[in-house]
Amino acid sequence: MRVYELAKKLGMENKDLIPELKKMGVPVASHSSALDDDTVQKALDKLSQKAKGAKASGKASGDDVVGKTRDTEVKHESGHGAKASKAAIVEEPAKADKRRILIKRKKDDEPVEASALVAPPPSEAEPSAVAAPPVAHPVVSEPPPPPPVVLPELPEIGTILAQPPPAPVEKVVVKPAAVLPGAAPGAVLTPEALAAKKKSQALEAIEAEGLKEKLKKAKKTGRPKEEPDVKHREDAARWQDLRAIPTVPRRDDRSRHLHHSAPSEITKPRRKSVKVTLGTTVKEFAELIGQRPADIVRKLMEMGQMLTFNQPMNMDVASMIAEEAGVKVEISVEKAGDELLEAVVQAGEGDERLEPRPPVVTIMGHVDHGKTSLLDAIRQTKVAEGEAGGITQHIGAYTVSVHGKQVTFLDTPGHEAFTAMRSRGAKVTDIVILVVAADDGVMPQTIEAINHAKAAGVPLIVAMNKIDKPEANPDRVRNALSEYGLISEAWGGDTIMVEVSAKQKTGLDTLLEMILLQSEVLELKADPHRQAKGTVVEAKLERGRGPVATVLVQNGTLKVGDVFVVGTFSGRVRALLNDRGVKTQQATPSIPVEVIGLPGVPSAGDVFQVVSDERVAREIADERAQKQRSADLAGQTKVSLDDLFARIKEGSAKELAIVIKADVQGSSEALAAAVEKLPTPAVRIRVIHNGVGGITESDVLLAAASRAIIIGFNVRPEPKAANLAEQQGVDVRLYTIIYEALSDIKAAMEGLLDPTLKERSLGRAEVRQVFTIPKAGVVAGSYVVDGTISRAAVGVRLIRDNVVVFEGRLGSLRRFKDDVREVQQGYECGISIENFNDIKAGDVIEAYTIDKIAGKL
Ligand SMILES: Nc1nc2c(ncn2[C@@H]2O[C@H](COP(=O)(O)OP(=O)(O)OP(=O)(O)O)[C@@H](O)[C@H]2O)c(=O)[nH]1
């Protein structure tokens, strides 16, 4: 047993007990010195006698139910003259409350001891506590305390002060639900009682605050300095326990207080142990351990740390300060990685001072419609204009100046790059320029681009390119675009359409002016005064320079020397180069810069965030790396028909986004229309894209970015797309009957989707040559490109240009002249399909099986 435990048992203060023990010849150094059983027994015999002798009165009612331990405690109460007088001003009901608090705390602290004690029947409840009118005293206005049951130790103020560990004051409030049967009628919280309770709480805080200050002063003068550890613990305990002591004796005083004093700054109660998360700010930390933020700042200063209220605490320092205050700190990893980043960033943010920023533009359009030519034309005319040496450096984005205003172009044309970025959560583009060749018109990728831009909610400006060509027909383009909801301003719509020629460099100024006009409408703003946040638009490993990343600053100002986190890396900016390869000291919002000083190559779309603390940056990056390793990242965005119902129920799914791909236009449109018409009260169905042909990587990216599922009708995913879907957790559903697709969606919404049967592809073979063999029919000389082609396959399908041409059973499978059971990837074989001869070189034969999956309970 330790000295402080014995002191507790005896109801004495450590400082009183230690000399007593020394007198008995027991060598004790501090309150935490260990005592053997003999000594404990001796001390108990001697000192409890002494305590008994010294104390005869002042015991609280309800003693009859209290055991020996409490006896000693109670008797000890009045053993301290000064403290006894203090106790005298405490009204009886208040005592009851305090006792209740202490009981509960005891329970929390020492569950074993507490549980060993027997609760008396409710009728034995302490009369004073029961009889107390609910509004007579603030504390009594709370639900009535349980009878004075578990009272192993009931120290009076003096004893309380010596309690080493602080008590969780708020925790001890007994909720109405906990009221024991037979408790006082005042237990029911009437509105008045409730008001009184509130008052009492505020008052308690005020009183505790006042007392705390007094105690602090007293402590400064009266305390010997040689026991810092004990002192801190006792102080903490004192502060805390005083909060629990109702010291307002008279109603009048109380109301005066309430009218004139504001509640204390301390909003949260002290607890024995607190959970501190990485990134917890000074203010939050102060609240957690129940101290004033200013006091924490002062302590930090003493420790050589200059922090403001909103800056994150260093965890080691936090532990030290908390320990001083007698609070144990548990460093929680709850806020880690991105949550921590968010907390740190938020903590560092002051008032927003928004200023206009340049627009960021991405160019999209069908193949060969002139995206690259347009980007080059703008760069050449605008960037090269004022530059003697022309463009010296090519980075993933560039900025041009138009009438003194800047426009930033991302140098990765095409909607795939755009959506790939978006699927990583990066929203970089403000305006999309849709390039449509005026001679060619609206093409499949034009439509894809429109849908990708729409899904991202980014406004479009149409650049009708190749206007110089004699066969150019802009009206035809306008007409075609109007079918997709893009109606030209000239025709009364709201889509800006500009005729340009990238080749002859005409119309470029108008296009740029329109971009500026659109950006004005969008009121693009950012705050250049804060720590920078941007997105990586391109990253590579360069010989001699190491990893370099083109970062588009989106908010704040990025400066040389800044500490950052990007993807799974953290570091410090060693140098910044602008889009012309010139060294620069800083980059403001919407300005792309090349960053040097990265420890590795991040991915395009990664967020680049500046943080103030290098250690926090490292922690965040490490956490992310770990997360990535455990592949959590992929699972996060997953949306599937299987768990749709569960999501609807938990309220996280309000909308089901669908990408439809079909073998023919008619089917894709029919399916889209039918799906959108499904009666679905719980969620809204939105077809974000429907098109013709196999499922491509672009489709999967779009689905991943929009948390959509993909429905393929008579089509298959390209192998790369299938892998990507697997990686990204995109649910790809393949059907050959429209009705089945519809009924699956319906069933999924009602939670009735049968998840027991699932198709699994076994392998794919590419048809290299086709032979017609008498009797055997058509045999496809094939090469297995992935997986295995096996006789065990339930079925095979013939795919031509990612469209399912035929579905049936495997006829024969041979290597050379022998029938074989299976052929693995990388081998050639001869395959025939039952009842099907229309096989052509270039076709793909896919073998699949159906897995039975155990139904979820
Ligand atoms: N006559 C004429 N030809 C143009 C114009 N713009 C581009 N072209 C031509 O169109 C072809 C395709 O241009 P690109 O800029 O490569 O088109 P893209 O959209 O970037 O093509 P991908 O990168 O393959 O998607 C090139 O041969 C260009 O010379 C134009 O305004 N007028």
Side-chain angles (χ1 to χ4, degrees), residues 360-385 390-391 394-398 400 407-422 428-429 431-453 456 458 460-478 480-481 484 486 488 496-515 537-538 550 604 689 691-694 696-702 718 720-721:
V360 178
V361 180
T362 295
I363 296 188
M364 296 184 187
H366 193 70
V367 182
D368 278 351
H369 277 198
K371 300 181 289 289
T372 314
S373 306
L374 187 63
L375 263 169
D376 287 347
I378 294 169
R379 182 174 21 222
Q380 274 160 26
T381 51
K382 294 291 160 190
V383 178
E385 248 171 23
I391 311 146
H394 180 112
I395 66 171
Y398 65 84
V400 298
V407 179
T408 296
F409 285 88
L410 292 182
D411 211 354
T412 38
H415 54 270
E416 288 91 350
F418 169 82
T419 302
M421 291 266 251
R422 197 164 72 84
V428 179
T429 307
I431 297 167
V432 163
I433 302 294
L434 179 69
V435 178
V436 190
D439 59 332
D440 204 14
V442 172
M443 290 305 207
Q445 284 181 15
T446 316
I447 300 160
E448 274 189 28
I450 294 171
N451 289 335
H452 282 233
V458 177
L460 268 171
I461 292 179
V462 177
M464 269 181 277
N465 192 27
K466 306 193 186 183
I467 205 76
D468 57 292
K469 280 194 160 182
E471 58 271 39
N473 187 347
D475 273 350
R476 189 167 60 100
V477 175
R478 279 193 193 95
L481 286 173
Y484 299 92
L486 300 180
S488 158
I496 302 170
M497 298 194 186
V498 185
E499 294 175 10
V500 298
S501 165
K503 198 173 180 182
Q504 298 188 344
K505 301 193 172 68
T506 55
L508 302 183
D509 280 335
T510 318
L511 180 64
L512 289 168
E513 275 163 24
M514 289 302 143
I515 292 171
V537 289
E538 195 184 62
T550 301
H689 176 61
V692 176
T696 62
E697 280 179 281
S698 159
D699 296 326
V700 176
L701 282 170
L702 176 64
E718 289 171 357
K720 271 187 178 174

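Starting from 1, each residue takes its place in the sequence as its number. Counting convention: from 1, in listed order, for ligands and their atoms alike.
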(request) Answer yes or no: is there a donor N or O on one side and an acceptor on the other, between the side chain of K371 and the main chain of G365, under 3.5 Å? (result) yes
(request) Answer yes if the side chains of S373 and D376 hold a donor-acceptor pair under 3.5 Å, and no otherwise. (result) no
Measure from every N or O atom of ligand 1 to the protein's N or O atoms and keep only the pairs below 3.5 Å, writing each with atom names and distance to 0.1 Å.
residue	atom	partner	partner atom	Å
ligand 1	1 (N)	D468	OD2	3.0
ligand 1	6 (N)	N465	ND2	3.1
ligand 1	10 (O)	K466	NZ	3.0
ligand 1	13 (O)	S373	OG	3.4
ligand 1	15 (O)	T372	N	3.4
ligand 1	15 (O)	S373	N	2.8
ligand 1	15 (O)	S373	OG	2.5
ligand 1	17 (O)	G370	N	3.1
ligand 1	19 (O)	D368	N	3.4
ligand 1	19 (O)	H369	N	3.3
ligand 1	19 (O)	G370	N	3.0
ligand 1	19 (O)	K371	N	2.9
ligand 1	19 (O)	K371	NZ	3.1
ligand 1	20 (O)	K371	N	3.3
ligand 1	20 (O)	T372	N	2.8
ligand 1	20 (O)	T372	OG1	2.6
ligand 1	21 (O)	D368	N	3.1
ligand 1	25 (O)	K371	NZ	2.8
ligand 1	31 (O)	N465	OD1	3.0
ligand 1	31 (O)	K466	N	3.4
ligand 1	31 (O)	D468	OD1	3.4
ligand 1	31 (O)	S501	OG	3.3
ligand 1	31 (O)	A502	N	2.8
ligand 1	31 (O)	K503	N	3.1
ligand 1	32 (N)	D468	OD1	2.7
ligand 1	32 (N)	D468	OD2	3.4

(message) Do T362 and V428 have side chains that approach each other closer than 4.5 Å (heavy atoms only, starting at C-beta)?
(response) no
(message) For the backbone of Q445 and the side chain of H366, can you confirm whether one donor and one acceptor N or O come within less than 3.5 Å of each other?
(response) yes
(request) Determine which pairs satisfy salt bridge (charged side-chain N to carboxylate O under 4.0 Å, His left out) with at least one residue from residues 462-475, sequence neighbours left out, and list them in order. (result) D439-K469, D475-R478
(message) Looking only at the side chains, is there a donor atom on one of H369 and N465 sitting less than 3.5 Å from an acceptor on the other?
(response) no
